[in-house]
Amino acid sequence: MSAAIYDAVIVGGGPCGATAATDLARAGRKVVLLDRAGRIKPCGGAIPPRLIEDFQIPDHLLVAKARAARMVAPSDSVVDMPVGDGFVGMVDRDVFDEWLRVRAAGAGAERRTGTFESVDHDSDGTTLVRYRLERGGEIETIRTRAVIGADGARSGVARQSIPGAERMPCVFAYHEVIDTPVDNFDGSRCDVYYQGDVSPDFYGWVFPHGAHSSVGVGSANKGFALREATALLRERAGLTGAATVRCEGAPIPLKPLKRWDNGRDVLVAGDAAGVVAPASGEGIYYAMCSGRMAAEAVDKFLATGKVSALKHARRQFMREHGRVFLILRIMQYFWYSSDARRERFVKMCADKDVQQLTWQAYMHKRLVRARPLAHAKIFGKDLAHLFGLIPARS
């Protein structure tokens, strides 16, 4: 163990951890970014314009630009939702995440590779982060003033430091990265399948990534056969013959933890804090956003010595995004609960007002309040679908 004391150790080098490391390093803090080698998170890879702008993502990282989404109902009827002006960027997580880590190192963060073991404290109260080297298996120790846990849905940092973190509800996601077919494939459209045999409580997806595509499913039902459902999805999408490049699976949290800090020296963010949007499963933007807020909170903690500063990250995140998360959670609970309701949900998405307000909220990450008449119209249609006053299929 070295005698040097770092200002912060960030455990986890995904979009959240890399963003926190970059921001703290740019603020002049002495930072270690600790990450496991070789892991790629299963992810559709969609990033909205708000993320591209806020986090200065260069165009060369976008392997595709989606300009429409296709919603597929249980009856196989479809609703196309064009984006309009603009696009949704698509990234490959292996390339995208490594670029973010390299940027953090360029800002001054020290990169280390290993598997997190524990957060402990020395006899003098100094915080110790222990991790296991990838080669050899030796345990290394880092002395630090603060820790940010950005190590995923089954975060070791959170489970050790945050009460209740081990009970975080999750969707289990699995996807296969395939070679994109040359013929009969729209590389500018994201397809979302709302069909009970593809997922009983979530959805399946086919997302374009240029030369490759992501095909996957998610479900909170632990007994649901994700691989078999993905094979079924590939068959329905006409992708059975496409070569499989790699397969990945992981839990994805869908509810923010009630507490993100331990009241002393540890703060969690990203998947470790549960900030993945319900209903949509969108996580990259919220991970990077919470990573930035965690960096701000830790920087303030380091500057003032007040542990209350650590609470700022969760308060700020929930103030900006909590209402959206609540609406999406209610939507998922109701509309994803049966094929009859999924059928009505897809039909509702054909409404032009629904499409416009949905895209505005997604692209810019804020609820749109400028069109009260449109909101009233949508609310009325939503109730009509809810009570079956509008036929599910026309």
Side-chain angles (χ1 to χ4, degrees), residues 44 46-53 62 64-90 185-196 198-199 202-208 236-237 277-282 285 321 323-394:
I47 60 173
R50 174 77 182 272
L51 183 154
I52 295 170
E53 178 182 353
L62 306 182
K65 295 179 179 179
R67 302 184 185 277
R70 169 166 288 181
M71 324 291 274
V72 185
S75 64
D76 289 327
S77 63
V78 301
V79 169
D80 287 336
M81 297 178 62
V83 172
D85 295 334
F87 60 86
V88 176
M90 308 301 295
F185 187 89
D186 188 343
S188 65
R189 190 187 71 216
C190 293
D191 292 356
V192 187
Y193 286 73
Y194 294 100
Q195 299 176 330
V198 170
S199 172
F202 204 58
Y203 62 80
W205 69 84
V206 179
F207 286 178
R236 288 183 180 168
S280 69
E282 182 192 0
Y285 170 77
H321 305 293
R323 187 179 179 191
V324 171
F325 272 46
L326 175 61
I327 291 170
L328 291 175
R329 187 158 58 248
I330 293 171
M331 188 183 86
Q332 179 179 345
Y333 177 79
F334 181 81
W335 290 114
Y336 293 9
S337 61
S338 71
D339 269 355
R341 290 180 176 179
R342 280 184 274 264
E343 194 75 39
R344 294 184 182 281
F345 172 71
V346 172
K347 180 177 176 59
M348 189 171 61
C349 291
D351 185 272
K352 297 303 180 184
D353 287 313
V354 170
Q355 293 185 12
Q356 185 175 6
L357 294 180
T358 297
W359 281 123
Q360 287 177 347
Y362 171 80
M363 304 281 269
H364 305 293
K365 288 294 169 273
R366 61 177 63 93
L367 293 176
V368 182
R369 300 176 182 174
R371 299 178 60 207
L373 291 178
H375 280 284
K377 177 182 175 184
I378 290 169
F379 180 71
K381 288 187 176 182
D382 192 52
L383 288 178
H385 279 280
L386 177 63
F387 292 110
L389 301 178
I390 296 177
R393 281 179 280 177
S394 58

Check: Can you list the steps and then say if L328 with Q332 is a side-chain contact (heavy atoms from CB on, under 4.5 Å)?
Finding: CA-CA 6 Å; L328 291 175; Q332 179 179 345; over 6 Å; no
Note to self: Does any part of the side chain of M331, heavy atoms only, come nearer than 4.5 Å to the side chain of F345, both counted from C-beta?
What the structure shows: yes
Note to self: Quick check against the 3.5 Å criterion: does D191 have a side-chain atom that pairs as donor or acceptor with the backbone of V206?
What the structure shows: no
Next item on the list: Could you check R342 against W335 for side-chain contact (heavy atoms from CB on, under 4.5 Å), going step by step and ending with a plain yes or no?
Entry: CA-CA 6 Å; R342 280 184 274 264; W335 290 114; over 6 Å; no
Next item on the list: May I ask you to test the S188-F87 pair for a side-chain heavy-atom distance under 4.5 Å?
Entry: no
Notebook entry, point to check: Is a side-chain N or O of R50 found less than 3.5 angstrom from the main chain of H364, in a donor-acceptor match?
Noted result: yes
Item checked: Expected output: side-chain Y336 to main-chain A279 donor-acceptor under 3.5 Å -> yes
Check: Out of M348, K347, R70, Q355, which residue meets the side chain to side chain contact (heavy atoms under 4.5 Å, CB included) rule with V79?
Finding: Q355
Notebook entry, point to check: About how many Å separate OH of Y194 and CH2 of W205, when rounded to the nearest 0.5 Å?
Noted result: 12.0 Å
Check: At their closest point, which heavy atom of I47 faces which heavy atom of V88, and how far apart are they?
Finding: O-CG1, 3.6 Å
Check: What closest approach, in Å, do R67 and G86 show between heavy atoms, and which atom pair accounts for it?
Finding: NH1-O, 3.4 Å
Checklist line | Nearest heavy atoms of A46 and Y362, plus distance in Å | finding: CB-OH, 3.8 Å
Item checked: Steps toward side-chain contact (heavy atoms from CB on, under 4.5 Å) verdict (V198, R236) -> CA-CA 10 Å; V198 170; R236 288 183 180 168; 3.7 Å; yes
Notebook entry, point to check: Can you tell me if W359 uses its side chain to pair, donor with acceptor, with the backbone of A68 under 3.5 Å?
Noted result: no
Item checked: Backbone N/O of S75 and side chain of E343: donor-acceptor pair under 3.5 Å -> yes
Note to self: Can you give me the closest heavy-atom contact between V354 and C349, atom names plus distance?
What the structure shows: CG1-CA, 4.2 Å
Margin query: Check whether Y285 reaches the backbone of I52 with its side chain - one donor and one acceptor, N or O, closer than 3.5 Å.
Written below: no
Check: Where do P208 and A64 come nearest, in terms of heavy atoms and distance?
Finding: O-CB, 3.7 Å
Notebook entry, point to check: Got a sec, which residues hit side chain to side chain contact (heavy atoms under 4.5 Å, CB included) with Y333, two or more places apart in sequence or on another chain?
Noted result: none
Note to self: Could you report the tightest heavy-atom contact between D76 and Q195, atom names first, then the distance?
What the structure shows: OD1-NE2, 2.8 Å
